[in-house]
Amino acid sequence: MLKYSSPAKVNLVLEILERRPDGYHELKSIVQTIGLYDTLYFEPAADVSLDCTQPVLNTPDNLMLRAARLLKEYSGYSGGAKIHLEKHIPWGAGLGGGSSNAATTLLALSRLWGLNLSTSEVTALAAKLGSDVPFFIHGGTALVEGRGERVTPLRLLKPLWLVLLVPPFTGIPGKTRRLYSLIRPDHYTKGEFVSRALESLQKHGEIAPSLMFNIFDSLALHAFPEIEHYWRALKEEAGPGNVHLAGSGPTLFTATEGRHQAERLATRLSEKGFEAFATPTVPAPEPQAP
Ligand code: C5P
């Protein structure tokens, strides 16, 4: 049996450059894995099956099952695998849990089935499953471009401690598509936010909270009117200008000065009845052949 940890992510910077002829949007983003994980178990079996501790995710179109079917089709492998998913990452929350699980499934099954695929082959398969999936083949800190399929690993030298606040209205069907549909040409930027963050990363090994940016922040209230209460609660603790959506939300995050402050803040929010976590950014795992 193989056991894998599958991390969540946040976009430290997320810009949209333009709408592409294929209907998707051209992105420039700095994406970062964080210390919040699902645990996945894989064992050989005749057929592919999945059971998940979160019953609502036990559906035939779960992205992990689609990943397994895609890998079988691509490689011609005739066997299967029994997959167990222990879900901890809030789902449908903007933290990339489903995409991460799908990427982990591609990596784990390539190994379990002895497929000897290259990282670029696995990344290309990942892109077929969703725009966020290729990033998770690498993890850590990365520049993500194109539709999400161009991933350049970066290095954050100083870990950042974040506080996440998860509002209770996660799992909204079609949420990401809806947020993208609200993007208008005046939301487009030219990559200047990513450039500034990359410069800071090169000079100081970190991205200061003031350099973080997510174009979806400006659409959050429109997309999720109920988010105002949660945004205000986090802002009260974090100070103005330092609250962002995680991906396409509705999870919110803020960057703190370190572990102590992050834990204090998360505890205060939890005491007020919010679902809040303190979590560090985490580097990519040691590279393993897929
Ligand atoms: O690729 P994925 O299925 O995760 O994308 C979900 C939706 O988000 C797409 O149908 C599209 O509407 C939107 N999207 C986009 N541009 C991207 C990524 C996603 O417009 N780069």
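All residue numbers in this chain count up from 1 along the given sequence. Order of appearance sets the numbers: ligands from 1, and atoms from 1 within every ligand. Because only heavy atoms are used, hydrogens play no part in the values below, and waters and symmetry mates are left out as well, while side chains stay in. Values in this document were obtained by computation on a predicted structure and should not be read as measured data.
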Decide whether the shortest distance between a heavy atom of Thr176 and an atom of ligand 1 is less than 4.0 Å.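 A heavy atom of Thr176 does come that close to ligand 1.
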
What orientation do Trp113 and Tyr77 show, parallel under 30°, tilted 30 to 60°, or perpendicular over 60°?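 Parallel: the ring planes of Trp113 and Tyr77 meet at under 30°.
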
Check the angle between the aromatic planes of Phe253 and His244 and answer parallel, tilted or perpendicular using the 30° and 60° thresholds.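 Tilted: the ring planes of Phe253 and His244 meet at 30° to 60°.
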
Please evaluate residues Glu228 and Arg232 with respect to the criterion salt bridge (charged side-chain N to carboxylate O under 4.0 Å, His left out), reporting the C-alpha separation (whole Å), side-chain torsions for both, the decisive distance (0.1 Å), and the verdict. CA-CA 6 Å; Glu228 192 179 354; Arg232 204 177 302 135; 2.8 Å; yes

Pair Asp38-Ser6, side-chain donor/acceptor within less than 3.5 Å: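 Not at all, the side chains of Asp38 and Ser6 share no donor-acceptor pair under 3.5 Å.
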
Do Lys9 and Ser100 have a side chain donor and acceptor closer than 3.5 Å?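 The answer is no; no qualifying pair exists.
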
Counting heavy atoms only, which of Ser131, Gly96, Gly98 is nearest atom 18 (C) of ligand 1?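 Among Ser131, Gly96, Gly98, the closest heavy atom to atom 18 (C) of ligand 1 comes from Ser131.
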
Atom 10 (O) of ligand 1: which of Arg178, Lys128, Arg177 has the nearest heavy atom?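 Nearest option to atom 10 (O) of ligand 1, by heavy atoms: Arg177.
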
Could you list the atoms of ligand 1 found under 4.0 angstrom from a heavy atom of Gly130?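 With Gly130 as reference, the close atoms of ligand 1 come out as 1 (O).
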
Go through ligand 1 atom by atom and flag the ones less than 4.0 Å from a non-hydrogen atom of Leu27.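 Heavy-atom distances to Leu27 below 4.0 Å select 21 (N).
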
His25, any N or O under 3.5 Å of ligand 1 N or O: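 Yes, His25 has an N/O under 3.5 Å of an N/O on ligand 1.
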
Tell me which protein heavy atom sits closest to atom 13 (C) of ligand 1, plus the residue, atom name and distance to 0.1 Å.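 Checking every protein heavy atom, the shortest distance to atom 13 (C) of ligand 1 gives Tyr180 CD1, 3.2 Å.
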
Measure Tyr24 to ligand 1 on non-hydrogen atoms and call it side chain, backbone, both or neither using the 4.0 Å cut-off.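 Under 4.0 Å from ligand 1, Tyr24 contributes backbone and side-chain atoms.
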
Quick check with a 6.0 Å cut-off and a 45 degree axis cone: is Arg177 positioned over the face of Tyr180's six-membered ring?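 No, Arg177 does not lie over the aromatic ring of Tyr180.
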
